[in-house]
Amino acid sequence: MTSKFLTEVQQKVVVLGDFSVGKSSLILRVSKNEFLEEQESTIGAAFINFSVNVDNKPNQIQIWDTAGQEKFRSLTPIYYRGAIGAIVVYDVSREYSFQTAKEWVEELKEKANPKLIIALCANKIDLLEEKKKLLKEKEYADENGLLIYETSAKTGKGVTEMFVDFSKNLPKDQGREIFNDDFFEEEFFNIELHNGEKKTEKTICC
Amino acid sequence: MQEQNEKNQKQIIPLTEQLKERKRDEKTTELKQLMKEVEDLSNSYQKLRNEIENKEKEQSNIRKQMNSTRIEYDKQIEILKEKISLYDREITRDSERRKKFGETGNLFQKGAKEFEKKIQQLEKELITVKKKILDLELGKEQFQMKIESVIEYRDDKLRRDWTYRVLTKYPEITNLRERINPLSRAISLASIYAGSKIGVKSLLTKTVVNQLIMQHYDFEGKSLISRYIENSTATLYPEVNLSESRLLLLLRMAIRDSETLYDLLMSGNNRKNISKEQQMNVIAGTIDEIGLEMIDENDLDIWKEPPDNPSNIVYHTAEQEEILQQLQQQDKQRESQQKPEKQRESHNKSEIPSLDLLHCANINKLVEKLTSDQSTVQYRNTFIMTYQSFMTPLQLLNKLKQRYNVPAKKEGEDEMTWKKNRDFITIRVISALKNWIETEFNDIDEKIVEKLKDFIRRVIKPEKERSATSLLNAIKDQREKREKQSLLRTTEQAPPPIVPKNIFHPKLSLSDICEEEFARQLTLLVSDLFRKIKPSELAKQQWTKKKPTGKVLNIVACFNKFNGFGRYIATEIVTPKTVKERAKAWQRFAKMGKHFLELSNFDSLMATIAGLSNNGVRRLKQTHQEIPKHFTKMFNEAKIIMDQKNGYHVYRERLEQARLDGPAMPYLGVWLTDITRISSGSSNTIKGLINFSKRKQLYNIISQIQEYQNLRYHFQSVYQIQMLLKRELPHKNDKELYKISVSREKKK
């Protein structure tokens, strides 16, 4: 983007999940506070920036969306590489999407940055009956050390709260300045870099 | 004196003597007595001594006895001690045992509890079993009933035996029965799901049936019968094409459709688990697919739709007034050229804004606008490209038919004005049809084409022969084009393919093919797949839905090829056992990536990047150290091009440039993201009206995609390589890849 972002310390957070669980809607809700409004959506934005005050310090988190590309499964390592947080979304009204979410969590745990903070987001709770409680999911989250949130992008319930709370849980020291080209050098081509000077701040996964 | 003395003496002597004697005697007796005493004493001494000796003896005896008893006691004590120690030991053991027993006791208690639980469970089970028994008893009753029915059946059997005999004797009857079977099934199906009773009745009027029969006879060459029917039923027989029997065609179609539905209903044993609603949904989906009509009871005839008002049409206002004015000016200029035709809507013309600002409307209004003088090229294209996201092709055809049938003149209306207006609308409908045929006819079901042809022949032809023939020709052209499309090649000389020497060898493998040719052939294959993607797949966002009929969509085929290729790359790199071989494989695909970039095949380029960034590949540090620097640099550059940042800003620019330079194969994911954003960013309908501005956005993207679909690569297709590529490329899944990768180069 513009030079504005070059000076900021940003933390990359990816939003993953099965198709049509409401990832984009969540992001739309948090960025514009709208859901299915008449307003036209912007085309081409791959991520949005979200600022939160943590301990009176402004904290920029960058939320990356994988909307519409869920079927390109072989691309997913590229998405979550370099992220320090991941939000795995599933749809409470579709049992299958929770299974997919579990697979995501497993993959992230195995292959992504080991310090990655993972959150499980139960979306579309407005479709859930009042009596039902997400016991099974909560148990799963406890077992795997995940944060769990209940949201509804449609009504807006819990969405902003989730992103704020999630960003507070991110490790404060891990974030990096992003430069257009250096970002890639650092992210993907650490082999090259290690031949020359070693960068200490880099955390390499796997 | 002396004498006396003597005398005395003399006297004394005896006396003394006497005395002496006496004394002696006395003494002897005394002695004797003493002797006796001594003797007695010695005797008694002896006795005593003896006694003492006896006593001593006794004593020694006793002592001996004492000693022996002591020894015995000692022995006994020792024995007792041993016993005591034994007892001690036993006591300790006992306490241990007691502890153990305590533990086992606890265990027993637990076990007992479990047993209780089990017993409870068993009791529950018992209850269920009892229930089952009850059920079984019920079943038994039913069974008995069945037996009764079987008895009836046995009676019936005689009759059936007869039918069987007849049928075996006369196979023609069997044949006929089998042929009729689907028809009768269709009838029963229709009676169950009486979906469109009213619709069928209104469509299949007596006249139509008669006409169909007449046409059939004409086709069979029995025109006399047909004339006879015409005379006796007084139905008009229109001149129709005799190249096929419409009746037979319709019947065949009906049977085919009913079979599809029947299969759908009968497939799987879980039919009972599906609710009727779900079943109806599935049927509706199939009906939509095979182009059957579901009559919507709420459907309002297009001519009964009230004039423009906020409840059926909304335009953009306020913030876009400036643009609105500008566009209106442009419109006015255009209108001046077509002034004489508009009559109906002329009274409020000045208030109607341009369709470019149309925000949302209902179906009737949208179709009305499509065929009104407001219609613009932009609007028409948008409508035709995206209508499938809010209505089916059949609905569109019906609406256009409705629109074509302008209602009869009202009383008090000027004859001339009405006629002019009617002419205008019919011409508009025809031009819309033509537009439809020419732009988006690839993914329309055959049957709708038939219906359209029928409409053109029956309704348009008698009035406007020229436009009817031009429409029919357009359809024909489109069809021929569709068939020819795959054969189309330019005159330009394609570069000669680089084939390996063993091209005709049956064991030809993908690793024999050089990178450049591999890239070319894959590009050909992928771009073929890409070209097959239909606008309706995109407009309906079909890749996010699970279709009930399991038809593979073209867009899904694209995904599969993409993912397959990416994993194939990762598999090829990870599998070799030595570091050098792995590095070589890596370089091979990096080179291939370079070729993809040269060919502007961004889809495969992205797949290559995905393959090389696979978790299994990326962690191979030793392999990466073997790779020359310029390769990694090349890879970096490719990554920057396909960077997700700024909404694939770099990529979009590169793609635009590539399109100008020659053929290009775009990466689909970017547009899919755009489409997803559009569809989740705004709703399909606004207050019950179709959100048309959203369709405009969709159209923008679909038209972009279509621009790229028109491009084609000029390479010679090599059959053998194509066959290898078309098959699923050999690959392992991500988990296996990661496992192999770890086994190749261990974790540090």
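Because only heavy atoms are used, hydrogens play no part in the values below, and waters and symmetry mates are left out as well, while side chains stay in. Note on naming: letters A, B, ... go to the chains in the order of the sequence lines (proteins, then strands), and numbering restarts at 1 for each one.
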What one should report as the nearest heavy-atom pair of B/Met606 and A/Leu75 is CE-CD2, 3.7 Å
More than 12 heavy atoms of other residues, nucleotides or ligands under 6.0 Å from NZ of B/Lys732: is that the case?
no
Listing request: all ring pair (Phe, Tyr, Trp, His ring centres under 6.0 Å) pairs with a residue in residues 68-91 of chain A, at least two apart in sequence or in separate chains.
A/Phe72-B/Phe559, A/Phe72-B/Phe562, A/Phe72-B/Tyr667, A/Tyr90-A/Phe98
Interatomic spacing from CZ in B/Arg618 to NZ in A/Lys111 - rounded to 0.5 Å:
13.0 Å
Residues forming a ring pair (Phe, Tyr, Trp, His ring centres under 6.0 Å) with A/Trp104, sequence neighbours excluded:
none
How about B/Arg567 and A/Arg73: do any of their side-chain heavy atoms sit closer than 4.5 Å?
yes
Is B/Val742 in contact with chain A via its backbone, its side chain, both, or neither, using a 4.5 Å heavy-atom distance?
neither
Check whether any side-chain heavy atom of A/Glu110 sits under 4.5 Å from a side-chain heavy atom of B/Asn615, and report yes or no.
no
Should the heavy atoms of other residues, nucleotides or ligands under 6.0 Å from CD of B/Glu728 be counted, would the total exceed 12?
no
N/O donor-acceptor pair under 3.5 Å between A/Arg81 side chain and B/Ser613 backbone:
yes
Atom OG1 in B/Thr676, atom CG in A/Asp65: separation rounded to 0.5 Å?
8.5 Å
More than 12 heavy atoms of other residues, nucleotides or ligands under 6.0 Å from NZ of A/Lys109: is that the case?
yes
Could you look at B/Asn563 and say if it's the side chain, the backbone, both or neither that has a heavy atom under 4.5 Å from chain A?
both
